[in-house]
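This report refers to the structure that appears directly beneath it.
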Amino acid sequence: MAHRLESLCSFVDIRVTLPPMTDESAETRFHGVGVSPGIARGDIQVMRDEFEEIERYRIEPSQIPGEIARFESALVQTRIQILEMQQKIAEAIGTKDAGIFDAHLLVVEDRTLIDEVLRKLECDQVNVEAIFHDVAAKYAETLGQIDDPYLRERALDIQDVMRRVVRNLQGKAPKTMPLPGEAHILVAHNLTPSDTASMDRHRVLGIATDLGSRTSHSAIMARSLTIPAAVGLHDVTEKVESGVMALLDGYTGLLIVNPSPETIAYYGKVEVRQSEVSKELAVLRERSATTRDGDHIVLSANIELPDDVTSVSAHGAEGIGLYRTEFLYLDRDSLPGEEEQYQTYRRVAEAVRPHPLIIRTFDLGGDKIAGGIDVSDELNPFLGWRAIRFCLEHPEVFKPQLRAILRASELGNVKLMFPMISGKAELIRALEVLDECKSELASAKIPFNAEMQIGAMIEIPSAAICSESLAPEVDFFSIGTNDLIQYAIAVDRVNERIAHLYEPSHPAVLRLIKMVADAARKHQIWFGVCGEMAGEIELTPLLLGLGVDELSVSPALVPRVKSAIRNLSREECEKLLDEVISLDTPAAILERSLQMAREGYGELLG
């Protein structure tokens, strides 16, 4: 397979003829995160950042109107370029992935950013490209320091747009970089959406970057283009040179430079087997997630944006187990009204009917603040004023959403759950606000489903410990394992220094989940898991042993989780849990779960 990269705005140093590494025969391995499955083999092409200097000079007050006019013209020109690129991507791989550039359009229309540039232009009296660069760079730096992966990606959007606007202010065309004709594995520090969108699948065999995450634009686009990709390889761009033979494992995130004949032979077998596995998984699309002993597990999908709904049925999921609604509020200057939300929720519910749509109320606050909401900074936003705490103090935000969800519930498949519940008093307050909304709709004779199921997310250890008192108040529990694990063992999973301590198989985590499971069974309500743990098939035996009724995962993971469930016995998983619940170390628990996973579906584990 060969690929072509037509335009790269931020990378200019492509070393094609440089000598290879000192010991050409030595196999070297770089470990990262696999974000787009597949195996690629070919020569490396390294692309390194080169930041152009921006001339800075004083202007007279009389020149300010001219600078403003130049700025406005550059913004219009940038918008046209983004729309053209969006159209190109839509024609190549579909409108869903072209939607990545919606965030770019929002940057060039962001009044907060534009007004700050105009203010500094008046105050500093410096040429507008220098002012714009300073303001945009500050915004990007602030977002880049936030722990939320989604918001960190917005920093990359700003940087990408910043380069385009500056080049337009300078009267320069977007950078293009001719690449050698042969197929190659692209190695870069990072890829902006513009870079990745410019790729022609006929020339790029694989992508490897120093930075990035599973939610990065380069990862999303690579999956859409079916290009194997690994990110988070740290300083690989400083340790390899162009022209060196390499093998990229997009399943495990491994880049192998100068692979040995044995490694090449091994991966040849991996490719053959993974091709067979993919064909087998495709057959499962219309089949249910039922264990060998006949226990059906509802297998749902997590989505963030309404357009993501198309991937739910495409991967064989039974509806949506987590709809993260706060993304309606981000990247915009004003709050969406009740009607806009209602139309959005109804459209998604109709798309997945008769399967359920579980809508999580806004997890706003902390580091996820919407336009139109004025809040002060917090030292620790993840333990601060967010989610249900924020909503209960902002009924003008909370109630329109609750009414919109209630109105959409008329379709019969909508469920609602409250995030970050810490105890019964908080849950009761949220339910009281919901009852107020029901009364308001009833008085206005607006139809809704009075029997809509209500759930509580269990993300805080206190909620798990108090789950028996919460259970009588709700119809289901949904365990958000990402936060539950972080809070239970005090580990920030995006902190590179301690990420290795983030262990889903920690004894404390299993015992907390078991408390929730026991409370659910006692009060005859169902419970599910919607965090990343639900999609980790090496842990599926533990979750089935805990008695989970539902798992909700990223759409692309549905086929593998479904296959894992179909190859397990609930009874055997329950026996496994009895064995491991008293073990003292995460490693020992994980090994026992892995042993059962290998026996049931070893080919899925790689």
Side-chain angles (χ1 to χ4, degrees), residues 1-22 24-50 92-93 175-212 216-219 221-261 263-264 267-268 270-271:
M1 187 189 301
H3 294 259
R4 182 165 59 89
L5 193 61
E6 295 176 342
S7 170
L8 282 163
C9 299
S10 54
F11 300 95
V12 298
D13 181 15
I14 304 179
R15 305 185 182 184
V16 180
T17 58
L18 288 177
M21 299 167 68
T22 307
E24 192 169 341
S25 63
E27 177 178 291
T28 307
R29 299 188 171 208
F30 299 92
H31 297 269
V33 178
V35 295
S36 182
I39 307 297
R41 183 158 65 98
D43 288 346
I44 285 175
Q45 295 298 334
V46 183
M47 309 185 72
R48 295 189 172 92
D49 288 344
E50 181 182 277
I93 55 178
K175 279 187 179 177
T176 60
M177 181 53 56
L179 288 177
E182 66 272 13
H184 57 275
I185 294 173
L186 177 63
V187 178
H189 181 65
N190 204 357
L191 292 177
T192 69
S194 296
D195 299 333
T196 319
S198 303
M199 290 181 182
D200 184 329
R201 67 184 69 192
H202 301 297
R203 303 245 326 256
V204 177
L205 299 174
I207 298 169
T209 60
D210 292 338
L211 304 181
S216 64
H217 287 316
S218 53
M221 296 296 288
R223 286 193 291 269
S224 297
L225 293 167
T226 64
I227 300 174
V231 302
L233 291 156
H234 302 291
D235 54 354
V236 67
T237 52
E238 300 303 317
K239 295 183 177 180
V240 300
E241 295 293 349
S242 295
V244 178
M245 167 66 177
L247 190 150
L248 177 69
D249 181 349
Y251 296 101
T252 64
L254 192 64
L255 178 68
I256 306 172
V257 177
N258 291 315
S260 67
T263 296
I264 292 172
Y267 272 99
V270 170
E271 285 187 277

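Formation of a donor-acceptor pair under 3.5 Å by the D235 side chain with backbone atoms of E238 is not found in this model. Between the side chain of D210 and the backbone N or O of V236, at least one donor-acceptor pair lies under 3.5 Å. No side-chain donor-acceptor contact under 3.5 Å links T28 to the backbone of V257.
When all heavy atoms of E241 and I44 are compared, the pair lying nearest together is O-CG2, 3.9 Å. When all heavy atoms of E27 and S260 are compared, the pair lying nearest together is OE1-N, 2.8 Å. Residues L205 and R41 approach most closely at CD1-O, 3.3 Å, considering heavy atoms. Taking both residues in full, the closest heavy atoms of P259 and A246 are given as CD-CA, 4.0 Å, listed atom of the first, atom of the second, then distance. Minimum interatomic distance between P37 and Y251 (heavy atoms only, all atoms of both residues): CB-CE2, 3.4 Å. The nearest pair of heavy atoms linking A230 to G253 is CB-CA, 3.7 Å.
Interatomic distance, Q45 CD to M47 CE, rounded to the nearest 0.5 Å: 8.5 Å. Distance check: I185 CD1 to D43 CG gives 8.5 Å after rounding to the nearest 0.5 Å. Rounded to the nearest 0.5 Å, atoms CG (L255) and CZ (R29) are 10.5 Å apart. Between the NE2 atom of H189 and the NE2 atom of H234 there is a distance of 12.0 Å, given to the nearest 0.5 Å. For the atom pair L233 CG and K239 NZ, the distance stands at 10.5 Å (nearest 0.5 Å).
A side chain to side chain contact (heavy atoms under 4.5 Å, CB included) with V187 holds for exactly one of I207, T237, L248, T209; it is T237.
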